[in-house]
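Read the structure below first, then the notes.
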Amino acid sequence: MGDHSPARSRLLGTASRLFYAEGLHSVGIDRIVAEARVTRATLYRHFPSKDRLVVAYLTEVDEAVRARLAEAAGREQSSADVVRAVGESIAADIRAPGFRGCAFLNAAAEYPDPAHPVRRAVLVHREWFLRTITDLLAHAGATAPDPAARHFVMLRDGAMAAGSLADPERIGPTFLRGVEGLLKYRNAHMFSE
């Protein structure tokens with residue numbers, strides 16, 4: 001729905017906070033309705049099912065990631081510097097209070113069916129992210145941008161998982177060293193298929 005009413009915003013904000021902090025399956029509609037201070041009818045008018053609400057949550061996270069990347073790309077810097085900025089943004093997320101890993105990886109773990117709308121939303125985001133990093137690395141002069149981008153995404157996934165399990169103050173810098181290594185050796189054969 002294109003409606004951006006205060007009730008819809010409150011519902012989505014409440015659901016997003018709870019979904020990220022506690023998990024998608026563990027948070028019920030009754031709790032979201034109570035904390036957002038709306039009726040069930042209001043929730044279902046904006047989101048006909050919990051799955052639609054989860055997809056809206058993931059769409060909002062996706063849009064935030066895209067906006068941050070666009071902001072970094074719009075600073076008139078080199079493609080390598082944009083990749084660095086993306087890495088720094090990820091490291092900052094890992095160090096943020098309440099960090100609980102990647103919203104998309106968390107959702108994928110809870111929705112394993114590849115045909116499910118939630119899983120499809122995860123895949124749309126991940127395909128866009130991989131394609132974007134591939135393009136940035138190609139513009140930065142990588143001779144094998146596809147495998148180099150997959151390495152970047154694997155570094156990111158690992159850092160996001162480790163950051164939710166270990167000391168995030170150590171994980172962020174380790175991830176950034178990996179990004180620098182990837183940029184330094186982007187023309188090496190280590191990324192060839």
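Excluded from the calculations below are hydrogen atoms, water molecules and symmetry mates; all remaining heavy atoms, backbone and side chain alike, are included.
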Could you tell me whether R100 and E22 have a side-chain N and a carboxylate O separated by less than 4.0 Å?
-> no
Could you check if a side-chain atom of F47 sits within less than 4.5 angstrom of a side-chain atom of Y57, using non-hydrogen atoms only?
-> no
Any donor-acceptor pair under 3.5 Å linking the side chain of T134 with the backbone of L130?
-> yes
Given side chains that start at C-beta, do those of F99 and P168 come closer than 4.5 Å, heavy atoms only?
-> no
Does NE2 in H25 sit with more than 12 non-hydrogen atoms of other residues, nucleotides or ligands closer than 6.0 Å?
-> yes
Taking only residues two or more places apart in sequence, or in another chain, which ones meet E35 in a side-chain contact (heavy atoms from CB on, under 4.5 Å)?
-> T14, R17, L18, R31
Under 30°, 30 to 60°, or over 60°: which ring-plane class applies to W128 and H125, parallel, tilted or perpendicular?
-> tilted
For the pair E71 and R75, find out whether any cationic side-chain nitrogen is under 4.0 Å from an anionic carboxylate oxygen.
-> yes
Ionic contact status for D62 with R66, cut-off 4.0 Å | yes
Spell out, as yes or no, whether a donor-acceptor pair under 3.5 Å connects the side chain of R10 to the backbone of A36.
-> yes
What pairs of residues pass the salt bridge (Lys or Arg N to Asp or Glu O under 4.0 Å) test when at least one of them lies in residues 152-172, not counting sequence neighbours?
-> R126-D157
Are any side-chain N or O atoms of E60 and backbone N or O atoms of S16, one a donor and one an acceptor, separated by less than 3.5 Å?
-> no
Can you check whether V179's main-chain N or O pairs, donor with acceptor, with K184's side chain at less than 3.5 Å?
-> no
Search all heavy atoms of N106 against all heavy atoms of G101 and return the closest pair with its distance.
-> ND2-C, 4.1 Å
Test D81 against S78 for side chain to side chain donor-acceptor pair (under 3.5 Å), laying out the working first.
-> CA-CA 5 Å; D81 285 339; S78 71; 3.3 Å; yes
Taking only distance into account, with no hydrogens and no angle test, what donor-acceptor pairs under 3.5 Å do side-chain atoms of residues 114-123 form with protein atoms, sequence neighbours excluded?
from : atom 1 : to   : atom 2 : distance (Å)
H116 : ND1    : V118 : N      : 3.0
H116 : NE2    : D51  : OD2    : 3.1
R119 : NH1    : A108 : O      : 3.1
R119 : NH1    : Y111 : O      : 2.9
R119 : NH1    : P112 : O      : 3.3
R120 : NH1    : A115 : O      : 2.2

Is any side-chain heavy atom of I32 closer than 4.5 Å to a side-chain heavy atom of L43?
-> yes
Regarding T174 and R177, is there a side-chain donor-to-acceptor distance under 3.5 Å anywhere?
-> yes
Taking NZ, NE, NH1 and NH2 as the nitrogens, is one of them in D93 or R68 under 4.0 Å from a carboxylate oxygen of the other?
-> yes
Side-chain heavy-atom pair D30, R40 within 4.5 angstrom cut-off | yes
